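Comments concern the structure below.
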Number of protein chains: 2
Amino acid sequence: MDDTHIGPNAIAAESIRCIVKLGGAAITCKNELEMINEDNLQTVSSQLRQAMIMGSCSNKVVGMDWSKRPGVSDISCTVGDFGDQAQLNVDFSEFIVVHGAGSFGHFQASKSGVHKGGLNQPLVKAGFVATRISVTNLNLEIVRALAREGIPSIGMSPFSSGWSTSNRNVASADLAGVAKALHSGFIPVLHGDAVLDNKLGCTILSGDVIIRHLAEHLKPEYVVFLTDVYGVYDCPPTEPNAVLLREIAVDEDGSWSVVNPEVENRNKQVEITVAAHDTTGGMETKITEAAMIAKLGIDVYIVKAATSHSLRALSGELRHSIPADWLGTVIRFSRRDG
Amino acid sequence: MDDTHIGPNAIAAESIRCIVKLGGAAITCKNELEMINEDNLQTVSSQLRQAMIMGSCSNKVVGMDWSKRPGVSDISCTVGDFGDQAQLNVDFSEFIVVHGAGSFGHFQASKSGVHKGGLNQPLVKAGFVATRISVTNLNLEIVRALAREGIPSIGMSPFSSGWSTSNRNVASADLAGVAKALHSGFIPVLHGDAVLDNKLGCTILSGDVIIRHLAEHLKPEYVVFLTDVYGVYDCPPTEPNAVLLREIAVDEDGSWSVVNPEVENRNKQVEITVAAHDTTGGMETKITEAAMIAKLGIDVYIVKAATSHSLRALSGELRHSIPADWLGTVIRFSRRDG
C-alpha cells in the first residue's frame with residue numbers, strides 16, 4: 001500500500017461533477033459537545049438532493065434510512081413505496097461528500113494530542129480510539145440524514161479506506177474504492193479522521209486535505225465548501241467593517257490575491273479566525289487548500305450552508321458567471337493574459 | 001484492486017493470536033429490531049480484555065470511549081488517569097474481532113433482497129444503503145463497548161476497506177490495512193456487510209466468510225465463534241434429547257465427522273437450526289466455514305458467549321487439551337495416522 005491505489009481502469013474518463021465539504025461549523029453546534037445542527041443538516045441534505053438530481057423527472061423522495069431513531073417508536077421503511085420502480089429510477093450525478101468534525105472529535109483529539117503523533121504513548125493511543133469513535137458517529141448521522149432525503153449515501157471512513165499520511169501529507173488512499181462506489185450509483189461520504197502516519201505514528205487528516213487530494217486525482221467540475229459564514233472576509237466577520245471577498249484569483253505559483261472587491265493593497269494579508277478548539281486549522285487552511293485546488297483549474301466556492309446561495313453554488317449555476325446577487329467567495333485560477 | 005492487497009512486507013511473520021466472531025445472536029436481542037444485548041456485550045468485552053492482556057501486569061481499565069452516551073449527561077473522559085503513563089502501557093495481543101448482524105441489518109437486507117444482487121433496481125439500492133446504515137451503527141456500538149473496557153478497538157467496515165465479491169466469493173480485501181492496524185497496536189473490528197459483487201452487482205458478505213478469508217491469509221493460532229448456544233448439537237438444541245457435539249474432525253477433503261461423543265453412524269447429517277430472518281445462513285454455514293478453517297490446521301472453538309467456557313476458549317486454554325468440564329464444540333483438522 002505504498003501508493004494511492006489508482007489502477008488505470010479504476011477511474012473512468014467521465015468526470016465527477018462536484019466535491020462538497022460540509023464544514024463542521026455548519027452542521028454541528030460548535031460550542032456544544034457532540035451536538036448536530038439538525039435544521040442545517042436537513043436543509044443541506046435537501047439542497048444536495050436538488051443539486052444532484054437536476055434534470056431528472058422524479059421528485060419523489062424515497063427514504064433510505066430504515067433504522068430506528070431515538071425517540072421515534074417505529075422504523076421508517078419505505079418498501080411499500082417501491083410499487084412502480086420505474087418511476088423511482090432517479091439518476092444522481094456524481095458528487096462526493098466530505099465533512100468536517102465540528103464539535104465531534106476535536107475535544108478527544110485535542111485532549112490527547114493525536115495530531116502530534118506518538119502512538120506509543122497510552123494517552124495518544126486512547127485519544128486515537130476516542131477520536132475515531134466520535135467522528136465515525138458523526139459520519140453515521142450524516143449518512144443517515146442524506147439517506148432520509150433519498151440520497152444513496154455510503155460512509156467511507158478514511159482510516160478504514162486505506163488513507164494514511166507521511167509527515168501529515170497523504171501517503172496512501174483507496175481512490176479506486178471511492179470511484180467504484182460512485183460508478184455503482186452511490187454517493188461516498190468521507191470525513192476528517194485520525195489516521196496512521198509513517199513518520200509520526202499517527203495524526204489527524206483534515207477534511208480539507210482529503211478534498212484537495214480527491215480533487216487532484218478525480219478532477220471534479222467544481223468544489224463547494226459549505227461553512228457558517230457567507231465566505232472569506234478581509235477580517236473576522238464578526239467585526240462591523242468586515243468586507244466579504246467575492247473573488248480570489250490564484251496564480252500559477254500558488255499565490256493568491258483578491259480581485260473583487262478591488263482593494264488598495266492587493267498583497268494585504270487577509271486576517272483569519274480560527275476557533276480555539278479547531279485542531280486542523282480554520283479559514284487559513286481552507287484558503288490554502290482551496291488555492292491549491294483552484295490551481296488545477298477547478299473553481300472553488302466558499303458559501304454559507306443552508307442558504308439560497310449554497311443551493312446556487314451546489315447546482316453549478318456559478319460556473320459561467322457569478323450573479324451580482326450571489327453572496328460567497330469564488331476562488332479561481334487566473335491565467336495571465338499575454 | 002484485482003487482488004487481496006497483500007504486499008510482501010505488509011504482514012509480518014509474527015502470527016496473529018486469535019480471530020473471534022461475536023455472533024449476532026449473542027450480542028443482540030435477535031427478536032427485537034436493532035436492540036443490543038447490553039449485558040452480554042459488556043461481559044464479552046470484559047472477557048476479551050482478560051484474554052488479550054494475559055501476562056500483562058496492569059489491570060487498570062482505561063476507558064477509550066470519550067463520547068456522550070444517550071441518557072448519560074456527561075462524557076466519560078479518562079485523561080486524568082494518564083498521570084503515570086508507564087503503568088498504563090498494557091500490551092494487547094493480536095486479536096481480530098468480527099461480528100455478525102443479529103437484529104441489525106437483517107431486516108433491511110431481507111426486505112430489499114440485497115443478498116440476491118441487482119443494484120439497478122431502486123429497492124435493492126435503497127436496501128443496500130439502509131443495510132449499511134444499520135450494520136455500521138452496530139459496529140460503532142461494539143467498538144464503543146470494547147473501548148469502554150480499555151481495548152484499543154478500531155472499526156474497519158468491509159465495504160470501506162475494499163472488500164468485494166465475485167459471485168459471493170471474496171474477490172478483494174484490504175488485508176494489509178488490517179495487519180497495519182494490528183501492528184500499530186489496535187484491535188480491528190470488522191462485520192458482516194453489504195458489498196459490491198462484480199457479477200451480481202451487490203450481495204451480503206457474512207461475518208463467517210470474512211473470518212475464513214482472514215484466517216486463510218493471516219493464519220491465527222485459533223478461532224473462536226461466540227454464539228447463543230453451548231456449541232453444535234446433533235439436532236436443534238431446543239429439543240430435549242439434543243446432544244452437544246464436543247469434537248468434530250475435519251478430513252483433508254473437507255468432509256467432517258463427529259469424534260466425541262462417539263455416535264453410531266458417523267455420517268449422520270447434523271441437523272441445524274436457521275432462524276427465518278437470517279439471510280446469511282445459520283449453524284450450517286458456520287460449520288462449513290469452520291471446517292474450512294480447521295483444514296488449515298487452525299483449531300476452531302464454538303462456544304456460548306459470556307460464560308466461563310467462552311473465557312477459557314478466548315484465553316487459548318484449550319489449545320493442548322480439552323478439559324472434561326468445558327462445554328463447547330472443537331473443530332479440528334485430523335491428520336490420518338498411517
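Values in this document were obtained by computation on a predicted structure and should not be read as measured data. Hydrogens, waters and symmetry mates play no part in the numbers below; they use all other heavy atoms, side chains included. Numbers restart at 1 for each chain; the letters A, B, ... are given by sequence-line order, proteins then strands.
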Interface residue of largest heavy-atom contact number with chain A, from Gly127(B), Gly63(B), Ala181(B), Ala130(B), under 4.5 Å: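 Looking at each of Gly127(B), Gly63(B), Ala181(B), Ala130(B) in turn, Ala130(B) comes out on top.
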
Interface residues of residues 147-160 of chain B facing chain A - non-hydrogen atoms under 4.5 Å apart: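 Answer by number: Ala147(B), Pro152(B), Ser153(B), Ile154(B), Gly155(B), Met156(B), Ser157(B), Phe159(B), Ser160(B).
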
Between [X] and chain B, which part of the residue has a heavy atom less than 4.5 Å away: side chain, backbone, both or neither?
X	result
Leu140(A)	side chain
Phe128(A)	side chain
Arg132(A)	side chain

Could you measure the distance from the [atom1] atom of [X] to the [atom2] atom of [Y]? Nearest 0.5 Å is fine.
X	Y	atom1	atom2	answer
Ser112(A)	Met64(B)	OG	CE	11.0 Å
Leu196(B)	Cys202(B)	CG	SG	7.5 Å
Asn137(A)	Ile142(A)	CG	CD1	10.0 Å

Donor-acceptor contact present, side-chain Asp174(B) to main-chain Ser161(B), <3.5 Å: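 A pair under 3.5 Å: no.
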
Short side-chain to backbone donor-acceptor contact, Glu34(B) and Lys68(A), under 3.5 Å: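 Checking the backbone N and O of Lys68(A) against the side chain of Glu34(B), a donor-acceptor pair under 3.5 Å is found.
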
Residue pairs passing the salt bridge (Lys or Arg N to Asp or Glu O under 4.0 Å) test where at least one lies in residues 104-117 of chain A, sequence neighbours excluded: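 Passing the test, one end in residues 104-117 of chain A: no pairs.
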
Polar side chain donor-acceptor pair, Thr203(B) to Asp197(B), under 3.5 angstrom: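 No, no side-chain donor-acceptor pair sits under 3.5 Å.
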
Taking every non-hydrogen atom, the tightest pair across Leu41(A) and Glu141(A):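 Heavy atoms only, the tightest pair is CD2-O, 4.3 Å.
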
Region of Ile133(B) that comes under 4.5 Å of a non-hydrogen atom in chain A: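 When you check distances to chain A, atoms from both the backbone and side chain of Ile133(B) fall under 4.5 Å.
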
